[in-house]
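Within every chain, numbering begins at 1; the chains are lettered A, B, ... in the order of the sequence lines, protein sequences first and strands thereafter. Only a predicted model underlies this, so the values are computations on that prediction, with no experimental measurement involved. As a basis for the values below, the full set of heavy atoms in this structure was taken, side chains included, without hydrogen atoms, waters or symmetry mates.
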Amino acid sequence: MNIDHTSTRRVFELLSRGQFLSANAIKPDIRKLYDQVDEYFTAFESVYAPLGFHLKKGNNYYYFSREGGRQTIEEKIERFYRYIDRLSFFATFAPGFGEGMRFYVKDIVHKCNVETDLNDQLQRLSSDKSTSTHDKVRDLVEEMRRQGFMDCEDDENEGFIVLSSYNYLKDIVDLIDIDPTNE
Amino acid sequence: MADIQTADELIRELYRHRKVINHLFKRKTASFDELTELADGKEKEILQAKARGMISLQEGEPARLEERLLNFVEDFLEINEDIRNYEVDESIRILKKNIYLYEIDEDSRERERYLHRIKRYLMSIGRVIRKNAGTLNNLVKQEYKTASSIELKRIKIEDHNEQAEKLLELIKNAEELLENAFFRVVPDEGLRLIVNDLKGTHLTMARHNLIALRQEIVRFINQIAELDRQHKKIIQLKKLRDLYELEVRTNVEEVFAHENALFFDTQLRFQTHLDLEYLRGDDGLDIIERVATRRQHKIRMQLQAELDIDGDLLDPQQQTMLHVDFSKLKRAFFLQNEDLLSFVKSYDFGEKMEEDQIIKIYCQVALIFEDEMDFGLAENPFDTAKQIEENGKQFAFIRPKKQEKN
């Protein structure tokens with residue numbers, strides 16, 4: 001086992017907060033962590049397992065799962081609702097929106113100004129009615145960044161990139177089967 | 001003015017207007033004045049270029065290179081992006097015709113001419129097929145990456161798929177043509193070389209490229225279909241969620257019964273206890289002092305808020321529900337340079353504020369965001385904390401905490 005404990009600690013700090021390790025992370029040190037976990041997966045896994053944390057692998061991302069969390073199924077579904085809204089918003093902005101996509105906040109703003117559907121979704125996502133469209137979009141993207149699904153590449157021009165962790169949200173969507181009855 | 005009649009004239013005219021031609025080739029369009037400048041101010045030169053069919057100059061339109069000239073340059077430099085499969089088609093047709101003519105015409109001079117044309121078109125077929133295959137390859141990759149929507153990707157890639165198919169068919173036609181007895185019978189060494197080159201190198205390589213490309217196209221088409229499917233599903237789920245039908249119409253409950261990602265667990269902060277050894281040290285002592293001083297301020301502020309709020313405010317008739325957005329307030333406070341008390345006093349809450357309401361809000365903001373505030377505390381026990389005096393009362397001079405640059 002040749003992983004050093006700075007790495008195990010850093011990976012733990014990140015993943016224990018419910019965040020993800022993305023293959024296309026911008027910061028080089030996070031990238032390095034991803035590569036290490038990728039290469040020495042079993043070693044990392046065995047460090048965390050005795051603590052009750054299961055290291056899970058997704059499509060270009062890693063995360064923790066844990067039995068006996070305090071969340072009920074309802075609470076988890078509620079939380080996921082919010083993400084359906086966000087997935088839908090970004091998918092409406094750009095079908096196929098996902099890992100690796102780059103965008104500028106102003107492009108989303110512009111599209112909101114011309115497409116009513118997109119704008120409607122934005123209004124419903126934002127609780128504060130008085131902020132401008134640009135502020136609403138920025139706040140939304142910032143929230144996604146804080147949750148670890150996006151990162152800022154170009155601070156000045158508000159250019160962002162979608163991280164691999166976004167696949168997690170899509171993977172859950174994939175798991176959900178819709179009843180095929182047509183009404 | 002007469003059209004250009006000979007190759008010699010053509011080359012001379014091309015050379016004469018080379019600056020203009022080069023400029024227009026690079027920039028696509030230009031104004032008449034720009035071109036005149038290039039010709040050292042001689043307008044007549046530009047008009048001459050137009051007359052000789054080099055450039056097109058239309059009323060109200062910018063100048064461009066003449067279509068024929070543009071095609072020729074692009075063709076020669078092999079940078080034309082159009083896949084002109086019809087050229088190959090036509091070349092094969094002409095080849096067949098010339099082979100036939102060679103067979104039935106007995107005049108040896110004519111036969112020489114046909115043979116010459118046959119060689120020319122054979123070489124052209126090889127060149128064009130190879131170029132088209134290469135261009136298709138680049139186009140497919142580029143357009144898959146850059147097309148802005150799933151639909152556009154699909155349309156473009158399917159179009160290229162058709163072109164690849166057509167090209168493969170043309171290669172087959174060319175190879176069949178090369179099986180013609182004519183090529184075995186004619187005793188021309190040059191012809192034999194060309195045919196071998198064509199069969200062995202150009203056509204074979206192009207075919208391999210195209211087959212690999214077709215496979216890649218299939219992969220892309222599948223990926224596009226997958227993206228489309230995912231997209232539709234997201235929209236469907238959103239619709240169900242809006243109608244509150246998600247739990248009923250899907251297996252979402254089952255999915256989340258098994259989904260234990262920490263991401264969904266919101267109780268995640270780990271609180272560890274203080275290290276007593278640390279607290280007994282110098283650093284620890286500093287921290288304890290600071291926290292103690294702050295607590296004193298907090299208590300003082302709280303008392304003030306409680307003492308100054310009049311019983312009048314409890315009168316239901318006078319009481320108005322003032323909704324204050326503290327986040328918004330804090331954001332605005334951070335954007336300006338005054339201290340917290342002055343800021344709150346000058347802030348427009350949309351209605352007239354009593355002094356005690358102002359103080360109450362000042363206290364609330366300070367407490368809610370205490371982690372982000374600098375309370376003007378003394379650096380050491382011999383200094384006094386920064387304060388403001390108002391109506392005989394002392395208030396802490398509060399500013400946003402300075403952010404440390406990481």
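- Judged as a salt bridge (Lys or Arg N to Asp or Glu O under 4.0 Å), the pairs with a partner in residues 37-49 of chain A (not counting sequence neighbours) are, in order, D38(A)-K57(A).
- Residues of residues 142-155 of chain A lying within less than 4.5 angstrom of chain B, judged on heavy atoms, are Q147(A), F149(A) in numerical order.
- Note: T72(A) OG1 to F264(B) CZ = 12.5 Å, rounded to the nearest 0.5 Å.
- Along residues 234-244 of chain B, the residues that come nearer than 4.5 angstrom to chain A, judged on non-hydrogen atoms, are I234(B), I235(B), Q236(B), L237(B), K238(B), L240(B), R241(B), D242(B) in order of number.
- For the pair R79(A) and F263(B), the cation sits on the ring face: its NZ or CZ lies under 6.0 Å from the ring centre, inside 45° of the axis.
- Neither the backbone nor the side chain of K232(B) has a heavy atom closer than 4.5 Å to any heavy atom of chain A.
- You'll find the side chain of I176(A) reaches within 4.5 Å of the side chain of N251(B), heavy atoms only.
- With a threshold of 4.5 angstrom between heavy atoms, E254(B) does not approach chain A through any atom at all.
- One finds the NE2 atom of H231(B) at 11.5 Å from the CG atom of L87(A) (value rounded to the nearest 0.5 Å).
- Counting heavy atoms from C-beta on, the side chains of L246(B) and Y81(A) come closer than 4.5 Å.
- The candidate with the highest count of non-hydrogen atom pairs below 4.5 Å against chain A, out of E253(B), E259(B), E226(B), is E259(B).
- Taking 4.5 Å as the heavy-atom cut-off, the residues of residues 102-123 of chain A that approach chain B are Q121(A), ordered by number.
- The shortest distance between side-chain heavy atoms of E245(B) and I178(A) does not fall below 4.5 Å.
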